Structure formats: structure tokens, C-alpha cells
Amino acid sequence: MSHDAKNSGSALRDPELPPVAVEDLDPDAEKPRWTPAKVALWVGIGLLGGLAWTMLAIVRGETVNAIWFVFAAVCTYLIAYRFYSKLIERKLTRPDDRRATPAEYKANGKDFVPTDRRVLYGHHFAAIAGAGPLVGPVLAAQMGYLPGTVWIIVGVVLAGAVQDYLVLFFSTRRGGRSLGQMARDELGLIGGIAAQIATLVIMIIIVAILALVVVNALGESPWGVFSVSMTIPIALFMGLYLRYLRPGKITEISIIGFVLLMFAIVAGGWIADTEWGTQIFTLDRTTIAWGIIIYGFVAAVLPVWLLLAPRDYLSTFMKIGVIVMLAGAIVVVRPEIEVPAFSEFASRVDGPVFSGSLFPFLFVTIACGALSGFHALIASGTTPKLVEKEKQTRFIGYGGMLMESFVAIMALVAALSIDRGIYFAMNSSAAATGGTIEGAVAFVNSLGLTGVNLSPDALSTMATNVGEESIVSRTGGAPTLAVGLAQIMQQFIGGVGMMSFWYHFAIMFEALFILTAVDAGTRVARFMLQDAIGNFVPKFRDPDWRLGAWIATAVMVAGWGAILIMGVTDPLGGINTLFPLFGIANQLLAAIALAICLTIVAKKGLFTWMWIVALPLAFVAVVTITASAFKIFSPVPAVGYWAQNAAFRDALAAGETSFGNAKTVEAMEAVVRNTTVQGSLSILFVTLSIIVIVAALIRTFRAMRGDLGQSTEDPATPSRLYAPAGFLPTKTERELQRQWDAVPADKRPDLVRH
């Protein structure tokens, strides 16, 4: 274990300051103290979780109560965080709070800023929790409730949260380097370049599709446009307040920000009911797309403390609050889920929501709710540049991902609670339904679903209840989740008369939810490109060189902006066309991230515990490479990009003016153009990913044979800051905090903490 981080020891201690780690105050502080009450508590949690899983997976009647989803998820998360993540901390990461993090020893007030762990948790969660946990589970409900539930909960424990935690910790130890640069350092020239190209191109696709979901949620929604727009000046105010007016007053600004956010939501409803408000804030999708492109550029170049961190922290109030509220409503209302455990489409490839078999496409469709490569970019992008202490990476990385998984479970339950006929009418493309109630009824009833007989009245009544002219072909997942949330919440508070409020509240919540991933993603993309160019032009690695930051940001925004405009103008519905590519690219990126983590663990000599990384890496590699092979080689046009491309090219060559769901020549040409782009990118992504995985395996085997190589960690720097590790400080941490509170101002570290 030549690279074990614990070599720093107490030699890093600054004698003029109190201890910076609880071990120096109490060597036994980290040892668990089991009492009969604690044992009883964890036994109770285990029994409740076991009962919930039994009801979901074994005792499956014609219906299943939604409360079992909540109990199964929460109990599993609690056990995983308390025991499994602690095992990872003790055996793999071994954090040392006596070492300074990059936020401390590189502090520049712009990108490297020591940030309160609670604010940073909010920023990190807001940044990682984009479209995936909302859209993916909604689309995956097509397959039934059980496959998605198992993957979301079990997948996050063994894969998603493991990846997020390890990448965040390893990047923190390496000066906050991006994932691509870590690959270059660990895997050598070929594997490193392949990883850098893959991460940059995949990042462009991911951010574009995140933005596309926002566009679909806000399109023709003046309420949503106003409320989401107002979060920007509110966040700017919060940033200035914490920086200059009342530094360190987290609770104070949290209350102010929450009140302002609630006012923005309510005011959005008032303004949407006025004639002038409707005229100003009802925007077409292309206009919204350009607004998001401009916003993405501005948010990525402003100092992180001014807009990004406070806005993400602000949105976290909304995100976690709504999800917890929905979970509480489910426990009280106890809706019965009538969707079968495995639906008719679980064994078919012609699903109307997305095409492809359960394996492997369920696992790439759900994406962010269980495992997401995008998270690895955030965990090696903004977050490691802000974290105060190494031990906080478990709470932020592993804990943040568990919360996202809970979001995904709630999204799945909301989608499952909707009438199945309405679900398919909402999530089938306009090309399939014709965009009309009559067309949707005819299409859904033609699917031959057991117990489904959709009527025009059901669709029109639901549209009236939620205050929309139509809910037909409202693809993208966000509207379906909004209908599900409104349907559950109206039984909890307000009745049917409140469904319109709850629906628009949910739409605003989702747009706010996803937009935070767009701005954070753009900033991370800038860091990645600067790192990549910095290998050839070292000036780009200087975080204080603003021209370089502006150039890198402009390049990345232009890339994802072009894909966004293509998706917005796609006649077949951009989200239906692009989401499979998003899912595969995202999971291939996760495979790359886990491969890099495997190499680092091997180079540390921790072979006994390498299975913690190898297990999820093997699974996601098989899933994503198989999915890529289907999309590239499948002869079924509904599944394979090139098969679809050939079918539409042949139809155009034969003089056809409509083909399949494309009703015009322009739509047919768009399919040819889009499938060419998607098919080419699929080949590129899987090729680069295989190169990276092979390079990682070679480097791992070399380490196992004794060639550990040189450590790529930054040299240990003595820390002169203290902060607790988790959300709530322990007794020992509170005692140490009191010692720090007594340190005179002139003795404190000269750093601006956010």
C-alpha cells in the first residue's frame, strides 16, 4: 500500500490552531458505539425493508400498494449508507481531514472556494439530479413496476453511489482534476486520450438532452417560464448576501431564499392568469432553447459563489422538499398500483414509449436514477473544488446519489399511478398519435393492453383537471410525472380543484430541477476542455485565465446548443429520438469512470477490496456494450439506428412522401439525418469506451503483478480549516467546533468561505 493516504499523519498539524480532525481530539471518535437501542433500531429497519421487498417482489396480486415502494427504498438506503458506504470509506478511500483539500490550498474565490458542506450537498445534488431520475423511470414504466424498482434501488447501492463517492474522493486528492485528465494520468497516452475525447463528446450529448427536457417542460407554459426565470435573480441575491452582507449565515439566507422561491412559484400562477403575462411568458420551444443556451454560457463563466452554488442550493429546497412531500402523500393516500410487475412490453422490442427489450435497454433508459456517468463529471468538476474536508465526500458523494435514487423511485411511482391508457397517450410521439385525442385513443387501444380501454373523455377530463388544452403526446417524462404528482397530491391536499395548481407546480419544479444540471454541466464541460487543451497549451490550465475560460465555455455551449436545436426541431419528437442515445452514452461514461476508479484502487494496492469497483464495472460494461451493439447492428428499424436509416433512405429513393410515423418528406429526411448522427456517435462512443476499459484492465493487471507506478495524488498540504463530516455534527465534532469558534479572527485562515 505504497500510496496509502494515511501517510500524512499528525505531522500536518498546525500547532497554532485547534485540531483539524476529530481523531486528534479523540482517537476513538470514529469507533462505532453499539447500544441495545441502536441494535433494535437497525433490526427494525431491516425487517421493515424486508417486508416491503417481499410485498413488491413475491406477494404480487392484481395491485400493489405504493407505500411498499417508499419503505423498500428508504430502508435500503439507510442500511447502505450506514454500513456499505462506511465499508468503502474504511477500506478504499481512507480520508484524512488533516490534509487540505483543493478548495483550501488552491482557493481563488472563483472556482476553488471552501464551501459549507450543507450548501455543497445542495449544489452537488442539484447538479447531478437532472433529467435522468425524472424522465428515465417514467419511460421505463412501460416495462412494468418491478424491473425498474430493483435496478433503481439495488443499482444505486452497488453502482451509482459507489461511483459518485469514489470519483469525488479521488478527484479531491488530485487537485480537483477532471475525469478525462485523471484518465490521462492513470491510463497512459492512448487510454487517456480516448477517455478525454469520449468524456467531452458524451458531455455535449448529455447537456443537450438535459436542456431539451427543460424546453419540453417549459414550452407554452408561462407559469413555468416566469417562476424558473425568477430563480436567477434570487440566486444572485443569495450569493451576494453570503459573500458580502452576512458571510456564513447559512440558515438565515436559506429561510430568505425559500420564502422568495415560494413567492416566485405563487406569482407565476398569478401572472399566467393575466393577459399580459400570457403574452410575455408564453414562449415557443426554439426561443426557450436559445434562452437556455445563453444562460448556460453566462452561468459557466460567472464565479461559482455568485450564481451556480446558491442557485443549486436554492433549487435543492424545492427538489428534496417536493420529493419528501410526495413520499409523505403516498404513505397517507396509499394509492394502489394496477400496472403489472412485468408488462406486455417487457419481452418485446416494439414498445410505443421506447423501443428495445428489457435487457439491456431498461438499464440505459433509467440511467441517472441508479448509475450515471454524468455524475462522475460533476464529482470531478465543480464539487471537488468546493469540498472543505475529505471526510465530507462520503456524505456528499454517496449520500447525494441515494437522494437522487429516491427521486427516481418517486418518479416511477407517480408514473405508475396514472391510468395506463393515459400514460401511453402522453408518452407516445405525436407522429404515432397524430397529436389529437381521437388519434391517441385509436393508437393506445390498438396496442392490445390487458384491461386498457381508453376513452376520449378520460383524456379531455384529465387535461381539464390539470389546466392544459391537451395532454396527448406530452413526451419527455416531465408532464407525465406532473400528472402523477397532481393526481396523488390532490387526494392529500385540495381535491380535484387543486390538480391544476399541483400540475403546474410540478412542471416548474421539474424545469428548475433539470436546469441546474445544465448550468453545472456546462461549467464542468468547460473544466474538461481546459484540462484537455492544457496538455498542449499549458496556459489553459490556469484557473485565473479568464479568456481561456470564456473560449472553452463558448466551444462547449456551441456543441450542446447545436444538438439542442436539432432536438427541438425534430419532427418525430426529439426526446423519443435522442433519449436512447443519451442513456447509452451516459452509461458508457459510467463504465469509463469505474474503469478509472478500478485502476486507482489497484495502484493503491487494495486488491482485497477491488471487487467493490469491479462488480459494477463488469455489469455496466456488459449492459452498455450490448445496448450499443443493438443500436448499431440490429436489423429491426425500431431498434437499430442504421436499419432505420436504411429503411427511410429506401423509402425516399422510392418516391414515398410518408413512411412509418413520418408523415412528410421533411420528416423522413430528418429521420435520415438524425439516425446518421446517432449511429455514428454510437460507434464512436462504444469504441472509445472499450479502449478505455481495456487500458484500465491492462494497468490493473500490471499493478497486481507488483508494478504500482507513481502516485498521481497531489502532495499532502497541512489543513488549517475545520468542518464536520456529515449533515449533523457528532458530539465530538461539536466540541471541536467550539474550540475553533474561540480562535481569534487574526489567527484564522485567510480564506473566504462560502
Side-chain angles (χ1 to χ4, degrees), residues 210-237 259-299 307 311 314-315 318 426 430 435-437 459-483 485-486 497-516 518-519 561 564-571 573-575:
L210 292 173
L212 180 58
V213 177
V214 178
V215 171
N216 285 346
L218 294 182
E220 291 83 44
S221 176
W223 188 340
V225 169
F226 173 82
S227 297
V228 171
S229 299
M230 284 301 297
T231 63
I232 298 173
I234 292 173
L236 290 171
F237 169 73
V259 171
L260 291 175
L261 179 61
M262 290 300 103
F263 178 76
I265 296 168
V266 175
W270 297 337
I271 289 175
D273 286 337
T274 66
E275 183 176 348
W276 63 269
T278 301
Q279 291 177 348
I280 294 174
F281 294 103
T282 302
L283 304 177
D284 63 78
R285 284 168 168 76
T286 303
T287 302
I288 295 173
W290 280 108
I292 292 174
I293 290 170
I294 295 169
Y295 168 77
F297 177 84
V298 173
L307 177 59
R311 188 184 185 283
L314 176 67
S315 70
M318 188 69 164
M426 293 188 69
T436 65
I437 290 179
L459 288 174
S460 59
T461 300
M462 182 62 76
T464 300
N465 288 344
V466 299
E468 292 287 299
E469 292 185 8
S470 173
I471 59 170
V472 172
S473 294
R474 292 296 301 275
T475 58
T480 302
L481 175 56
V483 168
L485 184 145
M498 282 286 286
M499 278 193 73
S500 177
F501 169 81
W502 287 120
Y503 174 85
H504 288 93
F505 174 86
I507 287 291
M508 192 282 308
F509 148 73
E510 292 168 306
L512 177 63
F513 201 116
I514 299 165
L515 189 59
T516 52
V518 174
D519 53 29
L564 171 61
I565 296 299
M566 184 186 85
V568 169
T569 57
D570 183 354
I575 197 67

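These numbers come from a predicted model, not from an experiment. What you see below is based on every heavy atom in this structure, not just the backbone, and it leaves out hydrogens, waters and symmetry mates.
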Q: Are W502 and V466 packed together at the side-chain level, in the sense that at least one heavy-atom pair is separated by less than 4.5 angstrom?
A: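 No, every pair of side-chain atoms sits at 4.5 Å or beyond.
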
Q: Of all the heavy-atom pairs spanning G277 and P222, show the shortest one and how long it is.
A: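 It is O-CB, 4.2 Å.
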
Q: Return the minimal non-hydrogen interatomic distance between L260 and I234, and the atom names on each side.
A: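 Reported closest heavy-atom pair: O-CD1, 3.6 Å.
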
Q: Output the distance between atom CG (D273) and atom OG1 (T278), rounded to the nearest 0.5 Å.
A: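 So the gap between those two atoms works out to 7.5 Å.
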
Q: Of the options L564, I292, I565, which is the one that meets L212 in a side-chain contact (heavy atoms from CB on, under 4.5 Å)?
A: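 Option passing the side-chain contact (heavy atoms from CB on, under 4.5 Å) with L212: L564.
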
Q: Does any non-hydrogen side-chain atom of L459 lie less than 4.5 Å from one of I471?
A: yes

Q: Can you confirm whether R474 sits close enough to E468 that some side-chain heavy atom of one is under 4.5 Å from a side-chain heavy atom of the other?
A: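 Yes, their side chains come closer than 4.5 Å.
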
Q: Under 3.5 Å, side chain of S473 to main-chain N/O of M426, donor-acceptor pair present?
A: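 No: the side chain of S473 does not pair with the backbone of M426.
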
Q: Give me the atom names and distance for the closest heavy-atom approach of G467 to S500.
A: CA-OG, 3.8 Å

Q: How long is the straight-line distance from CE of M462 back to CD1 of I437, given to the nearest 0.5 Å?
A: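 Going from CD1 on I437 over to CE on M462, the span is 12.5 Å.
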
Q: Any side-chain heavy-atom pair from I293 and W290 closer than 4.5 angstrom?
A: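 Result yes, sub-4.5 Å side-chain heavy-atom pair found.
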
Q: So which heavy atom on S227 is nearest to which on G268, and how close?
A: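 Shortest heavy-atom contact: OG-CA, 3.7 Å.
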
Q: Can you give me the closest heavy-atom contact between A267 and F226, atom names plus distance?
A: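 In terms of heavy atoms, the two residues are closest at CB-CE2, 3.8 Å.
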
Q: Considering all heavy atoms of both residues, which atom of A506 and which atom of L485 are nearest to each other, and what is their separation?
A: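 In this case the closest contact between A506 and L485 is CB-CD2, 4.0 Å.
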
